[in-house]
Amino acid sequence: MIEINGLSYRIDGTKILHDVTMRLESGGITALIGPNGAGKSTLLHCISGLETPERGTVRIDGLDPFAAPARDRARAVALLRQSPALVSRLSVRELVGFGRWPHHQGRPGAADRDAVDRALGAFALADLAGRSIATLSGGQRQRAFIAMTWAQETPWMLLDEPLNALDPRHARDLMARLHALSRDAARSIVIVLHDINAAAGWADRIVAMKAGRIVAQDACAALLTEDTLREVFDTPFELLEHRGRKVVVAR
């Protein structure tokens, strides 16, 4: 479980997060939704220990990410930023292998190579392992970065808008893969999404944010209501159903 209490964060005098308090249950996918500037990415960065809040606490299965050594933190939580740095000279296998650094500290062994192979297989990258990152399509490149994060083998995986720039087919494929992989009780995924229908289709739980505050958090089916979405996005929505799934349409 990730426990967040009274978390506030400020940049150049501007308050980005306002006294955020919540619990993220282990297992499955938790989606963070909300308009631009809601504080979703900042919250992920604070959870990971990448940014230090003005005040408040975070505990990742009891670990304090702001006090723990970097290696311990990197074994507890893995973060994929919204725009990861592209190192075009690396092969896909080499990139995914970077996810193992917290475990081998520069001396990879058989266990690390096996973990990389599992990650390549999980994201359908085995046939591309020898290819340069620069030669991949946008969808393939995104899968490679997520495979790197997966190879870190942390209980918690934080993904900041991984569907950006993906076409509908690749976005659906990625969410389907993450959903299937998250059924393993040892892995929990927290993902920032702007596509409400992706959250509706694949998330187990949703946390809705607005102006640096938590507006609502609940199981996916319970949170996705027209009233809640209107409050979060200041836009009227209509909820339809297609083949047993909710479909959200802005009116």
Side-chain angles (χ1 to χ4, degrees), residues 1-9 16-35 38-68 72-82 102 146 149-150 152-163 174-175 177-196 198-225 228-229 232:
M1 175 184 295
I2 293 179
E3 298 177 275
I4 302 167
N5 289 290
L7 198 71
S8 294
Y9 184 84
I16 307 299
L17 297 176
H18 300 262
D19 194 29
V20 172
T21 296
M22 66 176 182
R23 291 184 177 185
L24 298 176
E25 299 293 337
S26 301
I29 295 177
T30 299
L32 302 184
I33 66 170
K40 305 181 297 295
S41 297
T42 301
L43 179 58
L44 275 197
H45 292 175
C46 287
I47 292 172
S48 72
L50 183 65
E51 301 287 352
T52 303
E54 179 182 24
R55 65 173 180 269
T57 63
V58 174
R59 295 292 183 270
I60 306 168
D61 297 327
L63 178 80
D64 180 350
F66 310 120
D72 292 346
R73 186 170 66 242
R75 288 181 171 186
V77 62
L79 169 69
L80 181 64
R81 300 192 198 192
Q82 192 173 140
I146 296 174
T149 311
W150 188 263
Q152 200 168 324
E153 290 191 328
T154 54
W156 290 89
M157 187 165 150
L158 313 181
L159 304 177
D160 192 0
E161 297 191 36
L163 304 189
L174 179 55
M175 288 305 300
R177 288 180 187 279
L178 291 173
H179 184 268
L181 291 167
S182 71
R183 300 307 94 182
D184 178 354
R187 297 289 186 105
S188 306
I189 297 173
V190 183
I191 182 170
V192 172
L193 293 173
H194 275 146
D195 185 341
I196 304 173
W202 302 106
D204 299 285
R205 297 167 297 277
I206 293 180
V207 176
M209 298 185 66
K210 182 179 181 180
R213 294 179 170 87
I214 305 298
V215 176
Q217 52 183 318
D218 210 330
C220 181
L223 185 140
L224 287 176
T225 68
T228 298
L229 292 174
V232 173

S.K.: Any donor-acceptor pair under 3.5 Å linking the side chain of Glu161 with the backbone of His194?
M.R.: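 No; judged by distance alone, with no hydrogens or angles, the pair does not exist.
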S.K.: Start with the C-alpha distance between Arg75 and Glu153, add both sets of side-chain angles, then the distance that settles side-chain contact (heavy atoms from CB on, under 4.5 Å), and finish with yes or no.
M.R.: CA-CA 7 Å; Arg75 288 181 171 186; Glu153 290 191 328; over 6 Å; no
S.K.: Which of these, Asp160, Leu43, Leu32, sits in a side-chain contact (heavy atoms from CB on, under 4.5 Å) with Val190?
M.R.: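 Exactly one pass, corresponding to Leu32.
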S.K.: Counting only heavy atoms not in Arg59, do more than 12 fall under 6.0 Å of its CZ?
M.R.: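 Above 12, so yes.
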S.K.: Give the minimum heavy-atom separation between Met157 and Trp150, together with the two atoms involved.
M.R.: SD-CE3, 3.2 Å
S.K.: Roughly how far, to the nearest 0.5 Å, is the NE2 atom of His18 from the CG atom of Leu7?
M.R.: 11.5 Å
S.K.: Considering all heavy atoms of both residues, which atom of Leu63 and which atom of Ala76 are nearest to each other, and what is their separation?
M.R.: CD2-CB, 3.6 Å
S.K.: Which heavy atom of Asp61 sits nearest to which heavy atom of Ser26, and what is that distance?
M.R.: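 Answer, listing the atom of Asp61 first, then Ser26: OD1-OG, 4.2 Å.
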S.K.: Give a yes or no on whether a salt bridge exists between Asp218 and Arg205, defined as a side-chain N under 4.0 angstrom from a carboxylate O.
M.R.: no
S.K.: Can you measure from CD1 (Ile33) to SG (Cys220) and round to the nearest 0.5 angstrom?
M.R.: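 Answer rounded to 0.5 Å: 8.5 Å.
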S.K.: Test of understanding: with salt bridge (charged side-chain N to carboxylate O under 4.0 Å, His left out), list the residues that count as partners of Glu3, not counting sequence neighbours.
M.R.: Arg23
S.K.: Which heavy atom in Gly6 sits nearest to a heavy atom in Thr21, and how many Å separate them?
M.R.: N-OG1, 2.9 Å
S.K.: Please examine the side chains of Met175 and His179, heavy atoms only from C-beta on, and report whether any two atoms are closer than 4.5 Å.
M.R.: no
S.K.: Which pair of heavy atoms, one from Ile29 and one from Trp202, lies closest together, and at what distance?
M.R.: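 The answer is CD1-O, 3.9 Å.
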S.K.: Between Leu193, Leu174, Ile191, which is the residue that forms a side-chain contact (heavy atoms from CB on, under 4.5 Å) with Leu159?
M.R.: Ile191
S.K.: Minimum heavy-atom separation for Val232 and Gly34, please, with both atom names.
M.R.: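 Heavy atoms of Val232 and Gly34 come nearest at CG1-CA, 3.9 Å.
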